[in-house]
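The basis for the numbers below is simple: all heavy atoms, side chains too, and nothing from hydrogens, waters or symmetry mates.
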Amino acid sequence: MAQDVRDPDPGYLTFWGERHLCTLTTLRPDGTPHVVPVGVTYEPEAAMARVITNKNSAKVANILAAGPDGGRVAVCQVHGRRWATLEGLATVRTEADRVADAVGRYAARYERTPAPNPDRVVIEIAVDRALGRG
């Protein structure tokens with residue numbers, strides 16, 4: 001079921017606010033999918049999803065290898081019959097204010113603040129497609 005990226009159904013939005021483990025799918029340079037567990041936050045007003053991670057991770061390398069404009073990715077979560085997928089163009093951001101904002105959003109959703117990490121970056125996903133049923 002398609003959702004409005006900036007104004008999803010209330011149940012869908014509620015689902016993205018609950019504490020659920022997600023997956024992030026990036027494409028390796030050879031085109032094969034790389035799927036890993038992550039925490040994701042979603043800001044529909046900005047059509048933005050965020051993943052905090054280490055700058056040396058394979059997911060970051062895959063996005064950077066896609067080129068200066070970023071790479072297509074998908075994040076997904078499922079719980080019973082409820083599921084949600086966000087797709088879009090991902091870029092890697094290193095600016096301290098953007099990383100701190102993403103950490104704050106993560107802490108609010110997952111009810112824990114991650115330990116400090118000088119190598120932390122944020123993957124920002126400009127969401128252009130939302131699917132699922134909350």
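When atom types are taken as modelled, the side chain of N54 and the backbone of N56 share a donor-acceptor pair closer than 3.5 angstrom. R133 places a side-chain N or O within donor-acceptor distance of the main-chain N or O of R81, the cut-off being under 3.5 Å. In this structure a side-chain-to-backbone donor-acceptor pair under 3.5 Å is present from Y12 to L131. In this structure a side-chain-to-backbone donor-acceptor pair under 3.5 Å is missing from R129 to E87. Side chain of R109 to backbone of V40: a donor-acceptor contact under 3.5 angstrom is found. A donor-acceptor distance shorter than 3.5 angstrom exists from the side chain of T14 to the backbone of P10, with no hydrogens or angles considered. Judged purely by atom type and a 3.5 angstrom limit, Y110 uses its side chain to pair as donor or acceptor with the backbone of H20. Without hydrogens or angle criteria, Q3 side chain to D9 main chain gives a donor-acceptor distance under 3.5 Å.
Residue I63 is grouped with residue L86 when hydrophobic side chains (ILVMFWY) are merged at heavy-atom distances under 4.5 angstrom, including chains of intermediate members. V60 and V73 fall within the same hydrophobic cluster, defined by Ile, Leu, Val, Met, Phe, Trp and Tyr side-chain heavy atoms under 4.5 Å apart, directly or through other members. Hydrophobic clustering of Ile, Leu, Val, Met, Phe, Trp and Tyr side chains at less than 4.5 Å, counting indirect connections, keeps M48 apart from V99. Using a 4.5 Å cut-off between side-chain heavy atoms of Ile, Leu, Val, Met, Phe, Trp and Tyr, with links allowed through other members, L24 and V5 fall into the same hydrophobic cluster. The hydrophobic cluster containing L21 does not contain I123, counting ILVMFWY residues as joined when their side-chain heavy atoms lie under 4.5 angstrom apart, directly or transitively.
Here the shortest heavy-atom pairing between V127 and A49 reads CG2-N, 3.8 Å. Closest non-hydrogen pair, V103 versus P114, comes out as CG1-CD, 3.9 Å.
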*Might you work through the side chain to side chain contact (heavy atoms under 4.5 Å, CB included) test for E43 and E124, ending with a clear yes or no?*
CA-CA 11 Å; E43 182 187 3; E124 291 184 346; over 6 Å; no

*Might you work through the side chain to side chain contact (heavy atoms under 4.5 Å, CB included) test for T53 and K59, ending with a clear yes or no?*
CA-CA 9 Å; T53 189; K59 55 190 159 288; 2.9 Å; yes

*asked:* Between T94 and K55, is the side chain to side chain donor-acceptor pair (under 3.5 Å) condition met? List the steps.
replied: CA-CA 9 Å; T94 60; K55 69 180 181 182; over 6 Å; no

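Taking the side chain as every heavy atom from C-beta outward, L27 and N62 never approach each other to under 4.5 Å. Contact annotation: the side chain of T25 never approaches that of C76 to less than 4.5 Å [non-hydrogen atoms, C-beta and beyond]. Contact of the P44 side chain with the W16 side chain is not registered, since no non-hydrogen atoms from C-beta on lie closer than 4.5 Å.
Proximity of the aromatic rings of H79 and F15 is defined here by a centroid distance below 6.0 angstrom, and this criterion is not met.
Taken to the nearest 0.5 Å, the OH atom of Y106 stands 9.0 Å off from the CZ atom of R120. Between atom CZ of residue R105 and atom CD1 of residue I52 there is a gap of 12.5 Å, rounded to the nearest 0.5 Å. Rounding to the nearest 0.5 Å gives a distance of 13.5 Å between OG1 of T26 and CZ of R72. Atom CG of residue L89 and atom CG of residue D69 lie 7.0 Å apart, to the nearest 0.5 angstrom.
Between E45 and R6 there is no salt bridge, since no side-chain nitrogen of the basic residue lies less than 4.0 Å from a carboxylate oxygen of the acidic one. A salt bridge between R93 and D101 is absent, with no side-chain N of the basic residue lying under 4.0 Å from a carboxylate O of the acidic one.
Among the candidates V38, T41, V36, the single residue satisfying the side chain to side chain contact (heavy atoms under 4.5 Å, CB included) test with V51 is V38.
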